[in-house]
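These values consider heavy atoms only, across backbone and side chains, with no hydrogens, waters or symmetry-generated copies.
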Amino acid sequence: MDKAVVDRIAQFEGQEVLLQGWLAAKRSSGKIHFLQVRDGTGTIQCVLVKANAVEDEFAAADRCPQESSVEVVGVVRKDARSPIGFEVDASRFRVVSAAEPYPISPKDHGTAFLMEHRHLWLRSRRQHAILRVRATIIRAIRDYFDNNGFLLVDTPILTPAACEGTTTLFELDYFGEKAYLTQSGQLYNEATAAAFGKVYCFGPTFRAEKSKTRRHLMEFWMVEPEMAFADLVENMRVAEEFLAYVVGRVLDERRTELAVLERDIKPLEGVQAPFPRIHYRDAVAQLRTHGSDIPDGDDFGGDDETILTKLYDRPIIVHHYPTAVKAFYMKRDPDDPTHCLSMDVLAPEGYGEVIGGGQREESLEVLRAAIAAHKLPEEAFGWYLDLRRFGSVPHAGFGLGVERTVAWICGLPHIRETIPFPRMLEKITP
RNA sequence: UCCGGCUUAGCUCAGUCGGUAGAGCAGGCGGCUGUUAACCGCCGGGUCGGGGGUUCAAAUCCCUCAGCCGGAGCCA
């Protein structure tokens, strides 16, 4: 007898199969049990009729608590009444392990309760949909770079110093020396780009910011491409092509999941390159005509991003941010050093910044001055400055936050559901 | 870190003017051969977040601490 899986149930039509999973829910009419069995790939209704069942097994099914692990033997049958088009006419039923009373019922629960039971919450339909979309986004990210001449060259997670010195780091003891969890692969990417031309790194990053918002995690995944012989314009071109590709892949492969999430896909279908490109100064001017009181030379607040993105039907690229609000390695605009060759991609519908990047400073002298101006210790950047001594070239890159991208594409109100076990401000359990 | 709000049964919540605790769901028992958050009947279930205060009397008013939720700043 074959083992069947729910997401490929059609190929088992008419066959007797073994189904292994968990009892997600059940209903009964006395002599007929309707058992909703979730096997990880999906949920299917197994119909156990008393007249056709082993007596003990029918009684066991009646008593079986929610989320018990079970095995069902039965014949796969097409059924128009089923949401997935198929049911199993069960003949055998076995409880592998009976569950204790399950805390997550089919009814309403509050956020705090669900977060405390995140390890169980992951079993629910909505979480399945989100994490499947996440998996597709990650696969699409890898496919885009792998298929466009980028080499995956991963950067370290344990680092000796701040990449940017602008945000708080998680500090740890490295055999008696201070080390930090990485906040970006950026600086190492510049080294690998000088070795391989076009590279990307992809992994978790850590920021010990005391940020408590719907858009922040302490631990999040970031993909960061870096390109030698590339300028700001090329960087923007790659960013928009890349992002449009990722959204397109989700639309191609995850319609069912987006429907579960009740995501309006119209705005996603509009995510086509090119994206509107707006100089920072023009963005500020637009904001002011729409009620923002943003001062000159300031970075955007969350409200500003929302106001700005709602003026467009697709993601927008804001470029040439003020030099003062960006990291030391950003190349200054040769025509206006108060602004730099940076760019952010802001997602529509109020989701805001999902990509940040820019062209890097390639001049040794300018970079050393920038390190000094940011009051960073030059000795910590010795190897990084070497990159400007041995064949420096114009180069550019960006970073995309995976969880923000998942939240946007899924249409979620909060980033906490976009990763299996979110690390939030002062919350690390489960 | 700052500003709001919340905390009552396993869960989601109600609880009037301060007078000693309620519903739905979940759980248990019984019924039902097509249920889709099934339905019907019965039952068990409470340190009202902790501590302190006011009062004859506090879930209710006051103080304080904690936890959580939302927002700001910072950022992807």
Side-chain angles (χ1 to χ4, degrees), chain A residues 24-36 43-53 58 62-63 65-67 77 79-84 87 89 99-117 120-121 124-125 163-164 166-169 182-186 204-224 239 298-305 321 325-327 344-347 351-357 398-408 413-416 418-419 424-427 429:
Chain A
K26 70 168 193 254
R27 288 173 286 276
S28 175
S29 296
K31 295 192 177 65
I32 178 167
H33 296 322
F34 300 100
L35 310 168
Q36 318 298 324
T43 300
I44 192 167
Q45 174 160 281
C46 300
V47 184
L48 189 64
V49 177
K50 188 172 190 180
N52 306 331
F58 189 82
D62 196 28
R63 287 191 307 268
Q66 184 186 358
E67 287 302 327
R77 173 175 46 76
D79 193 310
R81 291 167 293 190
S82 163
I84 62 168
E87 291 189 340
D89 281 328
E100 294 178 22
Y102 191 64
I104 301 179
S105 69
K107 287 267 183 167
D108 299 335
H109 295 285
T111 302
F113 177 80
L114 290 170
M115 286 305 295
E116 282 162 20
H117 295 82
L120 301 177
W121 190 21
S124 72
R125 179 173 142 89
C163 283
E164 304 181 6
T166 56
T167 50
T168 316
L169 300 171
T182 181
Q183 62 181 337
S184 164
Q186 160 69 38
T205 49
F206 308 86
R207 298 198 185 170
E209 294 159 9
K210 299 266 183 183
S211 299
K212 183 173 151 45
T213 80
R214 65 179 65 188
R215 300 169 52 195
H216 285 86
L217 295 168
M218 303 300 107
E219 173 182 318
F220 66 98
W221 285 65
M222 185 156 68
V223 59
E224 296 175 273
D298 226 9
D299 211 344
F300 299 143
D303 287 348
D304 294 321
E305 283 187 1
Y321 280 82
V325 303
K326 290 293 180 183
D344 284 358
V345 179
L346 308 182
Y351 282 93
E353 185 178 352
V354 291
I355 284 177
F398 59 86
L400 171 122
V402 169
E403 287 74 18
R404 284 190 183 176
T405 304
V406 176
W408 162 47
H414 199 293
I415 200 168
R416 66 185 151 223
T418 62
I419 186 168
M424 319 256 291
L425 184 62
E426 289 168 12
K427 177 154 179 62
T429 307

Confirm from the modelled atom types if [X] and [N] form a donor-acceptor pair under 3.5 Å, side chain to base only.
X	N	value
Ser211(A)	rC74(B)	yes
Arg215(A)	rC74(B)	no
His109(A)	rC11(B)	no

Requested in this report: Can you sort out the partners of Arg77(A) under salt bridge (charged side-chain N to carboxylate O under 4.0 Å, His left out), two or more places apart, ordered by chain and number?
Outcome: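 Applying salt bridge (charged side-chain N to carboxylate O under 4.0 Å, His left out) to Arg77(A) gives Asp79(A), Glu87(A), Asp89(A).
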When the distance from [atom1] of [X] to [atom2] of [N] is rounded to whole Å, what number comes out?
X	N	atom1	atom2	result
Lys210(A)	rA72(B)	NZ	P	19 Å
Tyr351(A)	rC75(B)	OH	C1'	18 Å
Glu305(A)	rC75(B)	CD	P	11 Å
Met424(A)	rG67(B)	CE	P	15 Å
Lys212(A)	rC68(B)	NZ	C1'	8 Å
Glu116(A)	rG49(B)	CD	P	16 Å
Phe300(A)	rA72(B)	CZ	P	16 Å
Asp304(A)	rA72(B)	CG	C1'	13 Å

Query raised in the report: Does a side-chain N-to-carboxylate-O contact under 4.0 Å join Lys427(A) and Glu116(A)?
Result: no
Query - salt_bridge(Asp344(A), Lys326(A)) N-O dist < 4.0 Å - result: yes
Query raised in the report: Between His109(A) and Phe113(A), what is the ring plane arrangement, given parallel below 30°, perpendicular above 60°, and tilted in between?
Result: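 It falls in the parallel class, under 30°.
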Mind checking the [atom1] distance from [N] to [M]? Whole angstroms is fine.
N	M	atom1	value
rU1(B)	rC65(B)	P	13 Å
rC63(B)	rC11(B)	C1'	32 Å
rG49(B)	rA66(B)	C1'	8 Å
rG52(B)	rA14(B)	C1'	28 Å
rC3(B)	rG45(B)	P	44 Å
rG34(B)	rG70(B)	P	44 Å
rU8(B)	rU35(B)	P	37 Å
rC17(B)	rU55(B)	C1'	16 Å

Please name the nucleotide paired to [N] by Watson-Crick or G-U wobble geometry with both distances under 3.5 Å, or report none.
N	value
rU20(B)	none
rC29(B)	rG41(B)
rU36(B)	none
rA59(B)	none
rC75(B)	none

Requested in this report: To the nearest 0.5 Å, tell me how far Thr418(A) OG1 sits from Phe220(A) CZ.
Outcome: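 Atom-to-atom, Thr418(A):OG1 and Phe220(A):CZ are 11.5 Å apart.
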Query - Ile419(A) side, atom CD1; Met424(A) side, atom CE - distance, nearest 0.5 Å - result: 11.0 Å
Query raised in the report: Does Lys427(A) or Lys50(A) map to a spot on RNA chain B nearer the 5' end, using the closest nucleotide for each?
Result: Lys50(A)
Query raised in the report: Of Asp79(A) and Val402(A), whose nearest nucleotide on RNA chain B comes first from the 5' end?
Result: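 Its nearest nucleotide being more 5', the pick is Asp79(A).
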Minimum-distance nucleotide (side-chain atoms of [X] versus [options]):
X	options	result
Arg77(A)	rC74(B), rC69(B), rG34(B)	rG34(B)
Asp303(A)	rC75(B), rA72(B), rC11(B)	rA72(B)
His414(A)	rU1(B), rG70(B), rA76(B)	rG70(B)

So what does [X] touch, heavy atoms closer than 4.0 Å: a base, only the sugar-phosphate, or nothing?
X	result
Arg125(A)	nothing
Leu217(A)	base
Thr213(A)	base
His117(A)	nothing

Query raised in the report: So do the side chains of Arg404(A) and Ile415(A) get within less than 4.5 Å of each other, counting heavy atoms only?
Result: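 The answer is yes; the side chains approach within 4.5 Å.
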Query raised in the report: Can you find a pair of side-chain heavy atoms, one from Leu35(A) and one from Gln45(A), that are under 4.5 Å apart?
Result: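 No. Closest side-chain heavy atoms not under 4.5 Å.
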Query raised in the report: Which residues satisfy the side-chain contact (heavy atoms from CB on, under 4.5 Å) test with Ala347(A), sequence neighbours excluded?
Result: Tyr351(A), Val354(A), Trp408(A)
Query raised in the report: Is the distance between the ring centroids of Phe300(A) and Tyr321(A) less than 6.0 Å?
Result: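 Yes, they do, as the ring centres are separated by less than 6.0 Å.
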Report task. Quick one, give me the B/S/- string for nucleotides 35-40 of chain B, reading 5' to 3', where B means a protein heavy atom under 4.0 Å from the base and S means that only happens at the primed atoms, P, OP1 or OP2. Result -> BBBB--
